[in-house]
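Some notes on the structure that comes next.
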Amino acid sequence: MKILRHIATVSVLLLFLYGMAQLAQPSSPPETEETMERLMPQAPYPQHFERDLQACREICIRLHPAEDLPTLDLWQSYPSAPPIGSPQAHKGGTLRLSSPGPFPANFLAFGSPSPQFFHYNLFERIDIPLLREHPATGQILPGLAEKWSMQSNILYLRLHPQARYSNGRPLRARDFALGLLLRLRAGDKSAVGHIRELHVYGDEFLAVVLPRATYGAELLVSGLLKPAEPGFYADFGGNYAEVYARRIPPTTGAYTLSEVQWGRLLVLRKVPRWWAADLPGFRHTHNPDRIEHHFLNDEAQTWELFSAGKIDLLQTRNVLAWESRAVEAEQSAGGKIHLRTLRLTRPVPPYGIALNAEALPDIELRRGILQALDMDKVTLQLFRGYAERLPQFAAGYHNMHEPDKPVYYSPEAARSAFARAGYCRTGGDGILLRENGTRLRVRLSYTPSDKLNQLVSILVQSAAACGLELVPEPLPWQNISRRLREGRHELIFWAAMPGFPHPDYRHWFHSGAQEAESPFRLRNKEMDAAIQAMENATNRGEWATACSRAEALIRQQAVWLPGWMENHANVAYRNHVHIPEDYAGPYDVAESHQLWISPEEP
């Protein structure tokens, strides 16, 4: 699956590292209510829009009159489902957050020339998809589409008549044709192979033709089809990435970017009269009027600002900081700070060690490496019970079979595999050698941080006990990214956003995966067939069986050492911030938009 491809390619390593390196720039002017009123009329489409659609070769895109829509008897709409968020939630207030990741280099909603982790917060967690998944039950819910009908391999959608962009302009069905066309022109081919045809009927209806009937097609299509507001993209051309880098695209969600202090601060403000505010599924969410993202790469400074009441909520992956700074802040705050650990049951980012099958072509060597790295010890010492070992590449998905135990540490099994790879002699320092004296030596590339430095230290020691010299290769993220693109890595600490609604096996493990993005560089026909079987599945059973086969091949081919899964969220928050008691949502609690601020001053 290539859902959220421009986001999935972003390594979650960015969460651990990298600070701001850019000078402050003047903030962008916010859209005002007066501006919104002025921009409410529909914007024209490009002059040769229909001709350009006809010329598109990757996907058939056609426009039809509304009366040509086939008659459909069965439409689905909002199901009986638990509320999202809390009915006790209050509207209003400001939520101040810290962001450890790098400040985005651009505000491109698609076609960014380089990975931008914050785009997930800025677009994916704000824009409303056509259809979405209930965070607790997994039910399909309306989004931009108020009704839908799945007929074999064709998904019909009726757009919500109230849906509008943050600039006040109405959402129309042709905006999805424009969005698909512009993304293809910008080099985003994620929909190719998944969507065969897109038909637009008037202003309200879409018909999406898939190559075959597919399990989960509703959410798959919703992740691939995004609208483009024609007025905003009127200047789209060959230099799109340069022209639009600093322009702020309108959103269909509750927030829009209203203030930019370059390298330091991004402010999201509530869209006045947001079209979905009173609809089921949104009624108790998107509560603050203003969300501030302060970019802070000094963790000690971040905790100081939180303790001083300058930051409202702090979620940390640093267990030592949680056990020391968080507890200290709570005890000294006189009841003004609360601590909470949430256990999440959602698809989790795959943290672990990726092995380059091209650089390390001997499968026995790769198998030995996997069993020479003690990831269980890493998980225990680094997370002290606040994380669990990742059982395989993909975890946290509904109806997926997961193994009881991931690849385990075994010096005996590792040495046996190394012997089959030709490393039969032991050198004076305990490292294994070939008969010609070649040392058993591999490089582990990573971007240094306190946590990853500890991880590497543990793995170096466990590898040495198995006769393997693991050579740490700490590099800045830009260098790591370059090595990944060029395939000059052997082992690399790696992670990615989880694919949705399915694991993104094709993007990472298929023979056709882009070499510039996949750290595994695997070429295996059985894996290709398993991925195809998952994508062809028409029910949950077929899908789960195909996923299990893909995971078994990942393990068999020895290209992935599962690390840990972040299914525990440690959250410290001021007493005027509230989290639903039965919280269900993404790992980053603030990005669920289920929080609310007490009406009284903190």
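Below, all heavy atoms of this structure are taken into account, side chains as well, without hydrogens, waters or symmetry copies.
Aromatic ring centroids of Y156 and Y201 lie 6.0 Å or more apart. Proximity of the aromatic rings of F107 and W262 is defined here by a centroid distance below 6.0 angstrom, and this criterion is met.
By the ring-ring contact (aromatic ring centres under 6.0 Å, His included) test, F236 is found to be paired with Y240, residues two or more places apart in sequence or in another chain being considered. In terms of the salt bridge (charged side-chain N to carboxylate O under 4.0 Å, His left out) criterion, D289 has no residue partners (sequence neighbours excluded). Shown here are the ring-ring contact (aromatic ring centres under 6.0 Å, His included) partners of H160, two or more places apart in sequence or in another chain: W275. Under the salt bridge (charged side-chain N to carboxylate O under 4.0 Å, His left out) criterion, D52 pairs with R185, sequence neighbours left out. Under the rule for a ring-ring contact (aromatic ring centres under 6.0 Å, His included), the partners of H199 that lie at least two apart in sequence or sit in another chain are H64. Among residues two or more places apart in sequence or in another chain, the side-chain contact (heavy atoms from CB on, under 4.5 Å) test is passed with A569 by Q315, L342, L344, V571, Y587, V589. Taking the side-chain contact (heavy atoms from CB on, under 4.5 Å) definition, one finds that S77 meets it with K147, sequence neighbours left out. The salt bridge (charged side-chain N to carboxylate O under 4.0 Å, His left out) check on E591 picks up nothing, with sequence neighbours excluded. Annotation: ring-ring contact (aromatic ring centres under 6.0 Å, His included) contacts of W274 (sequence neighbours excluded): F282, H286. Listed by chain and residue number, E146, E204 satisfy the salt bridge (charged side-chain N to carboxylate O under 4.0 Å, His left out) test with R158 (two or more places apart in sequence, or in another chain).
Identified under the salt bridge (charged side-chain N to carboxylate O under 4.0 Å, His left out) test for residues 230-240, with sequence neighbours left out: D235-R247. A salt bridge (charged side-chain N to carboxylate O under 4.0 Å, His left out) check over residues 59-85, counting only residues at least two apart or in different chains, returns nothing.
Put simply, the side chain of L157 reaches to within 4.5 Å of the side chain of L131, judged on heavy atoms.
Using a cutoff of 4.0 Å between basic side-chain nitrogens and carboxylate oxygens, E292 and K310 are not scored as salt-bridged.
No donor-acceptor distance shorter than 3.5 angstrom exists from the side chain of R169 to the backbone of Q42, with no hydrogens or angles considered. Counting only distance, with no hydrogens or angles, the side chain of T251 and the backbone of T256 share no donor-acceptor pair below 3.5 Å.
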